[in-house]
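Here is how names work: the chains are called A, B, and so on, in the same order as the sequence lines, proteins then strands, and each is numbered from 1.
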Number of protein chains: 4
Amino acid sequence: MTIKQTQILEAALHLFSEEGYHATSTSKVAKHANVSEGLIFRHFQNKEGLLSALLEEGKQCLKTVFVPIVNEEDPKQVIQKTLDLPFEITEIAHGYWKLLFKLKVEQRYDDRELMKPLDQALTKAFMKLRFRSPELETQNLILTLDGITMSILNETLNNESEFKQFLMNKYHIEI
Amino acid sequence: MTIKQTQILEAALHLFSEEGYHATSTSKVAKHANVSEGLIFRHFQNKEGLLSALLEEGKQCLKTVFVPIVNEEDPKQVIQKTLDLPFEITEIAHGYWKLLFKLKVEQRYDDRELMKPLDQALTKAFMKLRFRSPELETQNLILTLDGITMSILNETLNNESEFKQFLMNKYHIEI
Amino acid sequence: MTIKQTQILEAALHLFSEEGYHATSTSKVAKHANVSEGLIFRHFQNKEGLLSALLEEGKQCLKTVFVPIVNEEDPKQVIQKTLDLPFEITEIAHGYWKLLFKLKVEQRYDDRELMKPLDQALTKAFMKLRFRSPELETQNLILTLDGITMSILNETLNNESEFKQFLMNKYHIEI
Amino acid sequence: MTIKQTQILEAALHLFSEEGYHATSTSKVAKHANVSEGLIFRHFQNKEGLLSALLEEGKQCLKTVFVPIVNEEDPKQVIQKTLDLPFEITEIAHGYWKLLFKLKVEQRYDDRELMKPLDQALTKAFMKLRFRSPELETQNLILTLDGITMSILNETLNNESEFKQFLMNKYHIEI
DNA sequence: AATGAATGAGGGTTCATTCAT
DNA sequence: AATGAATGAACCCTCATTCAT
């Protein structure tokens with residue numbers, strides 16, 4: 001992985017996740033990456049290949065982000081950490097999270113496999129907390145996560161911490 | 001409004017809401033509408049004008065869809081009807097709902113004005129039901145609605161009625 | 001000749017002579033003439049037909065403008081009146097004059113027949129005034145007229161009367 | 001400057017100056033230049049950029065053409081060389097000269113700055129020759145030059161040398 | 001006579017991609 | 001590995017023109 005390759009991936013991640021895959025031209029990526037347009041194709045075959053590379057990276061990155069959640073024993077912590085996801089501190093994971101969301105809408109790309117560990121961790125947590133329908137609770141929470149992500153992308157979520165607190169209370173968790 | 005004009009709007013609504021605004025070319029719209037491409041521009045000036053026309057129609061349509069919710073006295077009914085929204089029976093309203101969602105992601109287009117009546121009706125309902133934070137409950141529900149809409153678009157929501165039932169129970173509403 | 005026909009011709013004359021034949025679309029003409037676009041084609045077959053009609057009118061109009069010059073006995077007056085041509089008072093003749101000039105450049109349309117009377121009148125005048133090469137003087141003057149017309153069109157002739165006076169002096173004519 | 005870039009400029013110069021800017025499509029330029037249409041936009045951004053590039057070149061070229069006139073000491077030579085301008089031997093300068101003329105009519109593009117050196121040289125020459133109104137003489141000559149250029153473009157000037165001789169005589173210059 | 005809907009060809013321009021260097 | 005020239009298809013849009021009313 002050369003420096004330029006990384007530059008391309010970074011530029012593409014930023015642009016794809018902010019403006020969308022279709023709305024981002026390869027020339028724009030090249031310009032933002034300070035790289036010749038041809039190089040993109042040398043390294044990633046075509047635009048879709050670039051996206052795939054990004055997705056592969058994204059999956060790896062997010063998997064590691066999920067690790068602390070999956071390994072968490074305290075069910076309340078599992079939920080709290082999950083709710084923190086879209087606000088994730090690390091710039092890079094944040095970018096992948098947004099990218100995956102954008103793709104879900106733009107390309108109907110939905111990676112079940114990736115989310116499965118999180119899914120299972122949540123279901124386990126809800127079971128431990130003796131919720132009546134752990135699977136449905138999980139489904140609901142993950143789906144709410146999408147809603148939050150969209151609000152963040154649109155910059156219409158202007159009461160973050162308050163809203164997070166509210167959700168926590170819903171699950172009888174105090175911070 | 002001529003027949004062909006309607007054909008154009010219908011084709012555009014379908015394509016924009018299914019495949020996205022950017023991914024849909026005007027020539028594709030024309031083909032689907034069985035119309036010459038030039039006609040689109042005669043009637044709607046440009047591609048964006050076509051989108052605007054669609055949005056205008058969509059807003060009017062959705063406003064009328066909101067009427068029964070806004071006029072509803074029973075707060076539980078308000079919530080139930082709101083949860084029904086993304087599954088709306090009328091094909092046409094369904095299309096606009098999906099379009100607005102797609103645009104929210106693709107173009108960061110978010111029409112607060114349109115949603116305000118629904119927002120207020122929900123807040124009033126949650127107040128009547130003595131929820132502690134009606135505004136936050138509303139925010140959460142509307143945001144969940146987005147999540148549901150996305151699932152529907154991606155055809156990954158395969159337990160509709162069960163999930164809806166689950167949400168209702170969350171609000172202590174029995175069907 | 002209906003009112004609308006006249007409106008079309010007027011709009012076309014104005015636009016063709018100001019912005020050029022190519023740069024003027026039939027739709028623009030229709031709009032300026034407050035007329036449906038189709039009507040242009042009903043009356044003039046096609047865009048070129050509209051131009052031809054205009055040219056026909058223009059020739060007639062300019063012929064009548066030439067009459068006082070051709071009939072003028074005093075050779076100095078012939079020259080003076082000729083020099084007045086591009087500044088012609090009547091709006092309408094002015095328009096045709098500009099149109100013909102524009103076409104000469106844009107379409108290489110050059111109507112020798114039209115100019116012949118003026119040509120002959122000038123040659124006769126220069127002969128009377130005992131110029132050595134009346135034909136060449138005529139050629140020069142007519143060609144200078146083109147230069148003046150261009151200056152007027154470009155609004156770069158800002159010393160009209162002074163310059164006209166200067167030309168008159170060249171021919172030993174005092175005003 | 002690649003070969004193809006030059007081919008594009010050459011084709012554009014030829015077509016713009018012969019048929020006009022508006023009447024020349026970029027696809028026509030591409031065809032004449034034996035080049036893909038897209039390449040025009042890669043190198044010159046857009047059609048207007050192509051024109052600008054041509055103008056820039058043209059100005060440089062014509063400036064060098066003016067040099068021998070400006071440096072000329074003998075006032076009669078200054079005038080003679082000026083009159084030679086539209087008949088300029090070098091193909092390339094001839095093209096630019098015609099282009100600038102066409103643009104003056106089509107786009108009202110008139111570059112005063114470019115002509116200033118010639119203007120001043122002529123005024124100085126007329127002063128040396130003790131003409132009464134050197135500025136007006138200059139204005140007249142330059143304007144006549146436009147008339148001549150138009151005749152050349154329309155191929156209606158069929159007594160070139162005779163006419164040039166005639167003009168020289170007007171300025172009491174013998175060849 | 002007059003309108004305005006409708007068309008199809010062509011306009012300028014952008015795009016993903018390939019190729020020579 | 002990297003560039004930047006070059007391509008051709010597709011894009012949005014305008015044009016002159018026709019047709020039904």
Side-chain angles (χ1 to χ4, degrees), chain A residues 1-5 7-8 21-30 33-50, chain B residues 1-5 7-8 22-30 33-50, chain C residues 1-5 7-8 21-31 33-50, chain D residues 1-5 7-8 21-30 33-50:
Chain A
M1 179 81 82
T2 68
I3 294 174
K4 303 232 166 189
Q5 236 163 321
Q7 284 171 355
I8 293 170
Y21 175 75
H22 253 104
T24 304
S25 67
T26 50
S27 108
K28 211 175 185 175
V29 173
N34 262 102
V35 144
S36 74
E37 205 175 345
L39 198 58
I40 294 176
F41 294 89
R42 178 155 200 357
H43 285 310
F44 306 100
Q45 279 75 263
N46 50 34
K47 198 185 172 185
E48 226 189 301
L50 175 56
Chain B
M1 182 79 82
T2 67
I3 295 175
K4 302 232 167 189
Q5 230 163 323
Q7 285 170 358
I8 292 171
H22 256 105
T24 304
S25 70
T26 50
S27 103
K28 207 173 185 177
V29 174
N34 261 104
V35 145
S36 74
E37 201 177 348
L39 196 59
I40 294 175
F41 297 92
R42 189 191 202 301
H43 285 309
F44 305 100
Q45 276 80 264
N46 49 38
K47 197 185 172 186
E48 223 188 305
L50 175 56
Chain C
M1 180 80 82
T2 68
I3 294 176
K4 303 232 165 188
Q5 236 164 320
Q7 283 171 353
I8 293 171
Y21 175 74
H22 253 105
T24 303
S25 67
T26 50
S27 106
K28 208 172 186 177
V29 173
K31 238 166 261 162
N34 263 100
V35 144
S36 73
E37 205 175 346
L39 198 59
I40 294 175
F41 295 88
R42 177 152 201 0
H43 284 310
F44 306 100
Q45 279 75 261
N46 50 35
K47 197 184 172 186
E48 226 189 301
L50 175 58
Chain D
M1 182 79 82
T2 67
I3 295 175
K4 301 233 168 186
Q5 229 164 323
Q7 284 170 356
I8 292 170
Y21 176 73
H22 255 105
T24 304
S25 70
T26 50
S27 101
K28 206 173 185 177
V29 173
N34 261 104
V35 144
S36 73
E37 202 177 348
L39 197 59
I40 294 174
F41 298 91
R42 189 190 203 302
H43 285 309
F44 305 101
Q45 277 82 261
N46 48 37
K47 197 185 173 187
E48 223 189 305
L50 175 57

message: Just to be sure I understand the rule, does E37(B) reach a base, reach only the sugar-phosphate, or reach nothing, if contact means heavy atoms closer than 4.0 Å?
response: base
- prompt: So what does T2(B) hit on the nucleic acid, given a heavy-atom distance under 4.0 Å: a base, only sugar-phosphate, or nothing?
  reply: sugar-phosphate
- prompt: With sequence neighbours left out, what residues match T26(C) under side chain to side chain donor-acceptor pair (under 3.5 Å)?
  reply: E37(C)
- request: Provide the start and end nucleotides, 5' to 3', of the part of DNA chain E that has atoms under 4.0 Å from heavy atoms of chain D.
  value: dG11(E) to dT14(E)
State, to 0.1 Å, how close [X] and [Y] come at their nearest heavy-atom pair, and which atoms those are.
X	Y	value
V35(D)	Q7(D)	CG2-OE1, 3.8 Å
S36(C)	A30(C)	C-CB, 4.1 Å
H22(C)	K47(C)	O-NZ, 4.0 Å
I8(A)	V29(A)	O-CG1, 4.0 Å

task: Can you sort out the partners of K31(C) under salt bridge (Lys or Arg N to Asp or Glu O under 4.0 Å), two or more places apart, ordered by chain and number?
output: none
- prompt: Counting only side-chain N and O atoms of S25(B), is one of them less than 4.0 Å from OP1 or OP2 of dA10(F)?
  reply: no
- request: Please determine if a side-chain N or O atom of T26(B) lies less than 4.0 Å away from the OP1 or OP2 oxygen of dC12(F).
  value: yes
query: If each of I3(D) and G38(B) is mapped to the nucleotide of DNA chain F with the nearest heavy atom, which maps nearer the 5' terminus, i.e. the 5' end?
result: I3(D)
- line: 5'-most contact on DNA chain F (nearest-nucleotide basis), S27(C) vs H22(B), goes to H22(B)
statement: Closest to the 5' end of DNA chain E, once A23(A) and K4(C) are matched to their nearest nucleotides, is K4(C)
- prompt: If you pin Y21(A) and T24(D) to their nearest nucleotides in DNA chain E, which one's is more 5'?
  reply: T24(D)
query: Please, what dot-bracket string fits DNA chain F when only Watson-Crick and G-U pairs with both distances under 3.5 Å count, crossing ones use [ ] and pairs to another strand use |?
result: .||||||||||||||||||||
message: What residues from residues 40-49 of chain C pass a heavy-atom cutoff of under 4.0 Å to DNA chain E?
response: R42(C), H43(C)
- request: Using the test side-chain contact (heavy atoms from CB on, under 4.5 Å), find all partners of T2(A) that sit at least two apart in sequence or belong to another chain.
  value: K4(A), Q5(A), H43(A)
